[in-house]
Amino acid sequence: MNTIVDVLEHQAEHRPDALYTRFVDSDDEVTELGYMAAWQAARRWAAHLSRAGLSPDQPVILSLANQPDFVGAYFGSLLMGAIPVPVAPAIKPDPSDPRLVMIAERLAFLGARHVVLPRDAADVARTCLAAAPTGTVVLTADDLPFDAPAADTFPETDPDALGLIQFSSGTAGAAKAVELTHRALLAQVDVLNGAIGSDSTDSALSWLPFFHDMGLVGFLLAPAYVGASVTILRTEAFLRNPRSWPRALTRFGATVTGGPPSAFGLVARFVREAERGELDLSSVRLALVAAETIEPPVLRAFAERFEPSGLRTETLTPGYGMAENALCVTLAPADSRFWVDVIDPEILQREGRAQPPNGAARREVTSVGRPVAGTEVVIADATGRHLEERHVGEILVKSGSLMRGYRGEVEPAVRDGWLW
């Protein structure tokens with residue numbers, strides 16, 4: 001398989017009736033897509049986008065919530081050789097929605113014309129984006145053709161073509177447009193599945209949005225690569241009611257899940273004592289914890305809270321990732337209790353060294369494991385000189401999953417194969 005599209009086509013051919021995605025909406029209604037159905041949806045979306053004037057190598061913004069249309073629109077974009085750009089969906093069909101302003105800004109930045117939106121936001125968006133200098137074309141699933149064109153009408157995709165433009169989270173500065181090739185995405189999902197030991201028997205579950213790298217790469221592309229299934233909850237449903245996550249894990253018997261540590265903390269606080277007897281988390285074999293600083297008390301609180309519900313502490317698997325590497329950089333060993341180091345915060349602040357406590361001051365630090373296969377990580381100073389163990393410095397990464405670069409960057413962030 002040379003491209004992300006090849007992954008879906010392969011599974012559709014070899015596992016046509018196997019479940020790929022199960023979407024649970026805010027009313028707990030379920031929509032399922034098998035691999036063949038997902039492939040057919042991608043073909044229809046490719047035809048839809050082509051008829052709307054989208055050309056190969058052009059970006060198309062996907063402003064969709066966690067819904068079935070995203071699967072067709074994302075893979076359909078790739079099938080016709082375009083570049084999908086997931087962004088946060090409009091919250092409400094109202095001109096005052098700041099996310100519509102964000103969409104207009106990103107259309108201008110990318111030089112893009114096409115944006116895919118939910119049906120209820122389309123009319124307002126057409127009005128708000130009418131003045132965009134690129135002449136915006138707003139698309140929804142309403143005009144989706146039922147008959148897809150023949151497969152040979154789609155262009156051949158180069159593995160080094162872009163398979164995704166992912167806007168970084170902006171936690172370390174302004175959000176940047178990360179350019180990821182098909183080759184890089186395939187390398188990442190191959191490595192990630194190997195690290196977590198995933199195969200076609202897994203049943204993943206996520207509420208993370210698709211405009212986040214963990215949500216898209218970790219819980220849509222990675223399951224497809226091994227032919228697994230994934231249940232997708234609405235992000236807003238989880239935010240309104242954090243209990244929906246452990247309830248869904250129980251309902252669907254999920255084996256793999258994940259999220260930022262703040263989400264684990266929310267669930268531990270919101271689930272009442274009486275509810276724990278109704279939960280069965282014994283099916284969960286791995287829960288990825290990443291995307292934020294991982295405080296040990298949060299992990300301990302979650303583990304203790306749900307041990308009576310069958311959760312094993314060993315399922316909590318800390319990791320470190322970044323959009324610039326498609327997703328995962330380091331990961332703790334699967335099925336091992338998370339490891340915590342204790343350091344002296346005063347020495348850390350004063351000397352930039354992580355040393356054992358020399359007095360009463362103590363700080364716990366959660367290990368995020370070792371670099372995943374094929375990934376090199378070094379800590380360096382501002383000049384690039386490698387530092388000794390336990391010294392504070394810049395994180396440099398080298399792997400087959402690295403981005404091609406930031407769109408519009410003045411100075412390359414990837415130099416000699418290393419991300420600075």
Side-chain angles (χ1 to χ4, degrees), residues 19-33 38 62-74 86-94 97-100 102 116-122 140-141 169 203-223 228-272 274-276 278-281 283-284 287-292 298 302 305-306 309 311:
L19 176 64
Y20 174 27
T21 57
R22 177 192 292 116
F23 286 87
V24 183
D25 67 18
S26 299
D27 297 321
D28 276 348
E29 294 296 321
V30 173
T31 301
E32 294 186 346
L33 282 178
L62 308 182
S63 177
L64 295 170
N66 290 4
Q67 59 193 86
D69 286 340
F70 184 92
V71 175
Y74 176 79
V87 304
I91 299 174
K92 54 186 177 181
D94 189 301
D97 190 339
R99 291 190 177 178
L100 288 176
M102 176 269 293
V116 179
L117 289 163
R119 296 170 177 85
D120 59 357
T140 73
S169 62
S203 173
L205 186 144
S206 171
W207 52 267
L208 295 159
F210 289 135
F211 61 84
H212 190 282
D213 49 3
M214 199 191 308
L216 175 60
V217 180
F219 286 98
L220 189 65
L221 304 188
S229 65
V230 56
T231 298
I232 305 294
L233 311 182
R234 285 292 188 111
T235 303
E236 59 271 25
F238 165 74
L239 294 176
R240 283 196 302 267
N241 180 13
R243 301 180 186 91
S244 62
W245 186 12
R247 287 176 179 172
L249 292 171
T250 299
R251 176 182 178 186
F252 297 108
T255 58
V256 177
T257 191
S262 58
F264 287 86
L266 269 177
V267 172
R269 290 196 301 272
F270 271 80
V271 172
R272 294 185 291 268
E275 292 179 289
R276 290 192 300 174
E278 303 171 1
L279 299 175
D280 180 3
L281 305 185
S283 64
V284 179
L288 178 62
V289 190
E292 298 169 350
V298 173
F302 188 88
R305 188 73 171 160
F306 294 105
S309 303
L311 182 83

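Numbering starts at 1 and runs along the sequence shown. For clarity, every value in this text was computed on a predicted model and none was experimentally measured.
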Report summary line: Shortest non-hydrogen pair, Asn66 vs Pro209, comes out as OD1-CA, 3.5 Å
Requested in this report: Evaluate the side-chain hydrogen bond (donor to acceptor under 3.5 Å, both in side chains) criterion for residues Trp207 and Thr257: first the C-alpha distance (whole Å), next the side-chain angles of each, then the deciding distance (0.1 Å), finally the verdict.
Outcome: CA-CA 9 Å; Trp207 52 267; Thr257 191; 5.8 Å; no
**Report entry** Test item: Val271 and Phe306 side chains (from C-beta on) under 4.5 Å apart, heavy atoms
**Finding:** yes
**Report entry** Note, Leu64 side chain near Val116 side chain (heavy atom, < 4.5 Å)
**Finding:** yes
**Report entry** For the student: nearest non-hydrogen atoms of Gly258 and Phe219, plus distance
**Finding:** N-CZ, 3.6 Å
Query - N/O donor-acceptor pair under 3.5 Å between Tyr74 side chain and Pro86 backbone - result: no
Query raised in the report: What is the distance from atom CE of Met102 to atom OG of Ser63, rounded to the nearest 0.5 Å?
Result: 6.0 Å
Query raised in the report: Counting distance only, does the side-chain N/O of Arg22 pair as donor-acceptor with the main-chain N or O of Glu32 below 3.5 Å?
Result: no
Query raised in the report: Salt-bridged, Arg247 to Glu278, with N to O below 4.0 Å?
Result: no
Requested in this report: Nearest 0.5 Å please: distance from the CG atom of Leu233 over to the CG atom of Leu239.
Outcome: 11.0 Å
Report task. Measure across Pro261 and Ala290 and return the closest heavy-atom pair with its distance rounded to 0.1 Å. Result -> CD-O, 3.4 Å
**Report entry** From Ser244 atom OG to Asp28 atom CG, the distance as rounded to the nearest 0.5 Å
**Finding:** 8.5 Å
Query raised in the report: Given Tyr20 and Leu220, is the side-chain contact (heavy atoms from CB on, under 4.5 Å) satisfied, shown in steps?
Result: CA-CA 9 Å; Tyr20 174 27; Leu220 189 65; 3.4 Å; yes
Report summary line: CG (Leu279) and CZ (Arg243) are apart, to the nearest 0.5 Å, by 10.5 Å
Query raised in the report: Can you find a heavy atom in the side chain of Leu288 that is under 4.5 Å from one in the side chain of Val256?
Result: no
Report summary line: d(Thr21 OG1, Leu33 CG) to nearest 0.5 Å is 4.0 Å
Query raised in the report: Under a 4.5 Å cut-off applied to non-hydrogen side-chain atoms, are Phe23 and Val71 in contact?
Result: yes
Report task. Of all the heavy-atom pairs spanning Met214 and Gly259, show the shortest one and how long it is. Result -> SD-N, 3.9 Å
Query raised in the report: Of all heavy-atom pairs between Pro68 and Thr31, which one has the smallest distance, and what is that distance?
Result: CG-CG2, 3.9 Å
Query - Partner set under side chain to side chain donor-acceptor pair (under 3.5 Å) for Ser229, not counting sequence neighbours - result: none
Query raised in the report: Phe70 versus Leu62: any side-chain heavy-atom pair under 4.5 Å?
Result: yes
Requested in this report: With the side chain counted from C-beta on, respond yes when Leu208 and Phe238 share a heavy-atom pair under 4.5 Å apart, and no when they do not.
Outcome: no
**Report entry** Interatomic distance, Phe211 atom CZ to Leu216 atom CG [nearest 0.5 angstrom]
**Finding:** 11.5 Å
Query - Those residues that, when tested against Leu266, pass side chain to side chain contact (heavy atoms under 4.5 Å, CB included) (two or more places apart) - result: Pro242, Arg269, Phe270
**Report entry** Qualifying residues under salt bridge (Lys or Arg N to Asp or Glu O under 4.0 Å), relative to Glu236, sequence neighbours excluded
**Finding:** Arg234
Requested in this report: Could you tell me whether the side chain of Glu29 and the main chain of Val24 form a donor-acceptor pair under 3.5 Å?
Outcome: no
Requested in this report: Starting from the C-alpha separation in whole Å, work towards a yes-or-no answer on side-chain contact (heavy atoms from CB on, under 4.5 Å) for Leu311 and Phe302.
Outcome: CA-CA 9 Å; Leu311 182 83; Phe302 188 88; 3.5 Å; yes
**Report entry** Pairwise side-chain contact, Thr250 with Leu281, heavy-atom cut-off 4.5 Å (strictly under)
**Finding:** yes
**Report entry** Under 3.5 Å: donor-acceptor pair, side chain of Ser283, backbone of Ala254
**Finding:** yes
Query raised in the report: Are any non-hydrogen side-chain atoms of Asp280 and Ser309 less than 4.5 angstrom apart?
Result: no
Report task. Measure from the side-chain N and O atoms of Gln67 to the backbone N and O of Ala65, and report whether any donor-acceptor pair falls under 3.5 Å. Result -> yes
Query raised in the report: What closest approach, in Å, do Pro118 and Thr140 show between heavy atoms, and which atom pair accounts for it?
Result: O-CG2, 4.1 Å
